[in-house]
Amino acid sequence: MPSETPGAEPFIAELKRWRDVRGLSQSALAKAVGYTPSYVSKVESGHQKPSAPFAEQADRVLHAGGALRRAFREIESPIRVDPGSLHAADPDPITSDSQSASVIVMHDDAELYYDGHTYRATQRRRLYNASPDPITRYLIRISVDRYPGSPERSNRLYRENPLTWEEINLSARVGSEPVGWRVQHDRDAFKELWLLFENEDGRYPLYPGESTWIEYSYTVSDDKWGTWFQRAVRLPTERLSVRLSFPAELDPAVWGTETTMTAAAFPFRTAIHKAPDEDRQVFSWTTDDPPLHARYRLEWKFRARPNPEETAPVSANTASEKMRSIGVVQAGDPILTGRARPFDLPEEAEDARRVVAELNAAAGRAAGIHNFSKGMGVAAPQIGIDRAAAIARTATGETITLLNPRVIEESTETDEQYEGCWSFFDVRGMVPRPRAITVEHQDIDGQRRITIFEDAVARLVAHEVDHLGGTLYTARMRPGVEPIPVSEYRGTGRSWSYEGGPAGR
């Protein structure tokens, strides 16, 4: 939805970016700056013009280094953006609608090479200039997140050990010519800079109707790089390709998740190809004509190298500690017993997409440490996000996305089965549930839907809806019945079983 506040787009983009970097929800930011959550929501949706005091406070609280103050001045005195200058970022390009329509990415190719200690990312893009003006620069963003499921942990890491220009060792070229750059933002966890289509020997603008390859490469040590690599589609793109190259001795396993503009998330539609290359394993994946705003996330684990978080303390061998190590909030945290804040859709659609992407990333990490034969689910409070969003993945691989869900009807027929919860995964509890539930929920565009779920899927969905209301499954157990240690549980690797036909209503 376009902003109703002229010239506010740069401010909104900066506000969302810095809120993400600092790991703050809209409500947390509102509390810190002394405004209401509704005010922050309306500012980010473009329905409320930000005030100068709000911009000042937000810049201070988010430690944005003046970026929000400068963006606010553009609302008062809009600066015309040269349509020939291309804005793009890795992994999330920032483009205006006019620029998106005038630049085509004929091929976006990315390669990530890991030598056992350091990652080197190489980005290649073939650009076609469909605008009437020459393109003379290109904005890139180098962003890292060691613990994507735990923003406070990542923020602490980069505050104490920031990403530096020396370790990045950036190189860039346009066509065959090396080019220079100008720094836009220099932060602890990301760098933003303009690649300039020029060097000391000359200038190399991309004229209307021409195409060229741009390429840039940088390094990051593995103590600052999480085991994931995301590509986002912000410009019309004809082909997207990604390669991951890992040492074969680490026994790597790779999987991928796509998140679309509707916030639906599902495994890659096509398989990731694996091929040996001497002493390495190379994983490659390609898609043609990816939709705008789609995000493709590849994640991996090294089966021959356990994560330090899983092996360092003795207690990390427990199921709950393994879940904690991948960013799952554990029982006792107040966020698990409060009611999650609903989304104001479609105004908060981008927030909803971002939360759903994090939920799917968490599900991918969990799948790497446990076999979920019955299916799985995760709610936003379980990864520290106080919003009414959850996903459930069925035993057959279907992903169900739930935004602002509530159960409006239950069947009279019930059954009782063992359940587990990521937030206290060392035990299993026998929980009675209705065999069918009717759930009202919303699409990303705000449309209300009513869906009937039955049997195993009803159980998965009901468990996650409970989380959003601050209810853990132990509250559903019959009086006198207690959870059992997972060591005594005999249902691992089996699906839930149901007698008779489909659930009655």
Side-chain angles (χ1 to χ4, degrees), residues 1-81 87 89 92-97 139 141 143 145 151-152 154-156 158-159 183-192 335 338-355 358 380 384-389 404 444 446:
M1 178 178 292
S3 170
E4 296 178 4
T5 305
E9 288 82 1
F11 181 86
I12 293 170
E14 288 288 349
L15 180 61
K16 288 182 176 180
R17 177 184 304 169
W18 282 103
R19 188 165 60 77
D20 278 351
V21 168
R22 300 306 175 199
L24 294 180
S25 66
Q26 288 183 339
S27 59
L29 174 62
K31 182 178 180 180
V33 298
Y35 286 73
T36 66
S38 175
Y39 181 91
V40 176
S41 174
K42 289 179 179 179
V43 167
E44 289 197 358
S45 66
H47 291 83
Q48 170 75 51
K49 180 180 177 180
S51 66
F54 173 79
E56 289 284 341
Q57 281 287 86
D59 192 275
R60 180 183 61 80
V61 167
L62 296 173
H63 303 288
L68 288 170
R69 293 194 298 271
R70 290 190 293 273
F72 176 77
R73 287 197 292 269
E74 293 188 25
I75 300 175
E76 301 298 322
S77 303
I79 300 173
R80 182 181 180 275
V81 178
H87 295 250
D92 288 319
I94 303 169
T95 60
S96 72
D97 292 339
L139 186 67
R141 189 183 195 208
S143 176
D145 189 351
E152 285 302 323
S154 278
N155 290 341
R156 183 169 61 252
Y158 299 118
R159 282 195 301 269
V183 175
Q184 177 85 350
H185 292 298
D186 184 357
R187 308 299 181 218
D188 292 345
F190 73 88
K191 312 296 182 190
E192 232 174 34
I335 198 172
R339 182 169 294 278
R341 185 163 59 91
F343 291 99
D344 182 10
L345 298 172
E347 281 77 11
E348 292 186 302
E350 187 57 33
D351 278 352
R353 292 189 193 99
R354 187 162 49 246
V355 172
E358 290 301 329
I385 301 174
D386 181 26
R387 299 311 301 266
N404 298 338
I444 198 73

Value for CD (Glu14) from CZ (Arg69), rounded to nearest 0.5 Å, stands at 12.0 Å

When rounded to the nearest 0.5 Å, the distance separating CD of Gln26 from OH of Tyr39 is 13.0 Å

dist Ser51:OG -> Gln57:CD (nearest 0.5 Å) comes out at 9.5 Å

Rounding to 0.5 Å, atoms OG (Ser41) and CD (Glu347) come to a distance of 7.0 Å

Tell me whether the rings of Tyr35 and Phe54 are parallel (<30°), tilted (30 to 60°) or perpendicular (>60°).
perpendicular

So CG of Leu29 and CD of Glu44: to nearest 0.5 Å the spacing works out to 7.5 Å

Smallest heavy-atom separation, Val40 atom then Ala30 atom, equals CG2-CB, 3.7 Å

Margin query: Could you check whether Arg19 pairs with Asp351 (Lys NZ or Arg NE/NH1/NH2 to Asp/Glu carboxylate O, under 4.0 Å)?
Written below: yes

In short, Ile444 meets Ala349 closest at the heavy-atom pair CD1-O, 3.5 Å

Note to self: Any non-hydrogen side-chain atom of Trp18 less than 4.5 Å from a side-chain atom of Arg187?
What the structure shows: yes

Here the pair of heavy atoms bringing Phe190 nearest to Ser143 is CB-CA, 3.9 Å

Looking only at heavy atoms, the pair that brings Leu68 and Asp59 closest together is N-OD2, 3.0 Å

For Val61 and Ala32, the nearest pair of non-hydrogen atoms, with its separation, is CG1-CB, 3.6 Å

Exercise. Could you verify whether a donor N or O on one side chain and an acceptor N or O on the other, from Ser27 and Ser25, lie under 3.5 Å apart?
Key: yes

**Asked** Would the number of heavy atoms belonging to other residues, nucleotides or ligands and lying under 6.0 Å from NZ of Lys42 be above 12?
**Response** no

One should read off an interatomic distance between Glu192 CD and His185 NE2, to the nearest 0.5 angstrom, of 5.0 Å

- Within the side chain of Asn404, is there an N or O that forms a donor-acceptor pair under 3.5 Å with the backbone of Pro342? no

Between Val355 and Ala389, the two heavy atoms sitting closest are CG1-CB, 3.9 Å

Is a side-chain donor or acceptor of Arg387 paired with a backbone partner of Arg341 at a separation under 3.5 angstrom? yes

